[in-house]
Participant: 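Let me begin by handing over the structure; questions about it come next.
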Amino acid sequence: MPQFVIERDMPGIGGASAADLKGASQTSCSVLRDLGPEIQWVHSYVTDDKIYCIYRAPSADLIRQHAETAGFPANSVAEVRNVIDPTTAD
């Protein structure tokens, strides 16, 4: 299954409360259940003004449908072509 990185411009999100992040997560999971098992949220990184999400899905279009339905921005959706880490150098 292809993996994608989604960049979401969300000014001030780094200051969101735990309750706000929980609510956003619940909204996302609800939409994912409705869209079916082909799309999976792996995890997200919350920074000051953006969220970077890792998803598995058959297409970028399904990722964008999730974002639109959930009411989240998807400013950039890029397919992961490879993963490297420090062990790649060995």
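We're numbering straight along the sequence, starting at 1.
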Participant: Is there a side-chain contact between Arg56 and Val42, using heavy atoms and a 4.5 Å cut-off?
Facilitator: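 Sidechains of Val42 and Arg56: in contact.
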
Participant: So, Asp90 and Thr87: side-chain donor and acceptor under 3.5 Å apart, yes or no?
Facilitator: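 The answer is no; no qualifying pair exists.
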
Participant: Quick one: are Tyr52 and Thr47 in side-chain contact, heavy atoms under 4.5 Å?
Facilitator: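 Yes, side chains in contact.
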
Participant: Are any of the side-chain heavy atoms of Leu32 and Gln40 separated by less than 4.5 Å?
Facilitator: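 In short, these two side chains do not touch, never coming nearer than 4.5 Å.
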
Participant: Is there a side-chain contact between Gln65 and Leu35 in this structure, where contact means two heavy atoms from C-beta onward sitting under 4.5 Å apart?
Facilitator: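 Counting from C-beta outward, Gln65 and Leu35 do come under 4.5 Å.
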
Participant: Count the heavy atoms of every other residue, nucleotide or ligand shown that sit under 6.0 Å from CD of Glu38, and state whether that count exceeds 12.
Facilitator: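 No, not enclosed.
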
Participant: What's the verdict on side-chain contact (heavy atoms from CB on, under 4.5 Å) for Val77 and Arg64, showing C-alpha distance, side-chain angles and the deciding distance?
Facilitator: CA-CA 8 Å; Val77 178; Arg64 288 184 187 94; 3.9 Å; yes

Participant: Val83, Ile54: one ILVMFWY side-chain cluster at the under-4.5 Å cut-off?
Facilitator: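 Yes, it is one cluster - the side chains of Val83 and Ile54 are joined through contacts under 4.5 Å.
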
Participant: Tell me, with the steps shown, if Asp49 and Asp9 meet side-chain contact (heavy atoms from CB on, under 4.5 Å).
Facilitator: CA-CA 6 Å; Asp49 296 313; Asp9 290 337; over 6 Å; no

Participant: With the side chain counted from C-beta on, respond yes when Val5 and Val80 share a heavy-atom pair under 4.5 Å apart, and no when they do not.
Facilitator: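 The answer is yes; the side chains approach within 4.5 Å.
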
Participant: Applying the 4.5 Å side-chain criterion to the ILVMFWY set and letting contacts propagate, would Ile63 and Trp41 be lumped into a single cluster?
Facilitator: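 Ile63 and Trp41: one cluster.
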
Participant: Are more than 12 heavy atoms, taken from residues, nucleotides or ligands other than Gln3, located less than 6.0 Å from that residue's CD atom?
Facilitator: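 More than 12 within 6.0 Å, yes.
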
Participant: Whether the side chain of Thr27 engages the backbone of Gly23 through a donor-acceptor N/O pair (distance < 3.5 Å, no angle test) should be reported.
Facilitator: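 Present.
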
Participant: Does any donor atom in the side chain of Ser28 or Tyr55 lie under 3.5 Å from an acceptor atom in the other side chain?
Facilitator: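 Side chains of Ser28 and Tyr55: pair found under 3.5 Å.
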
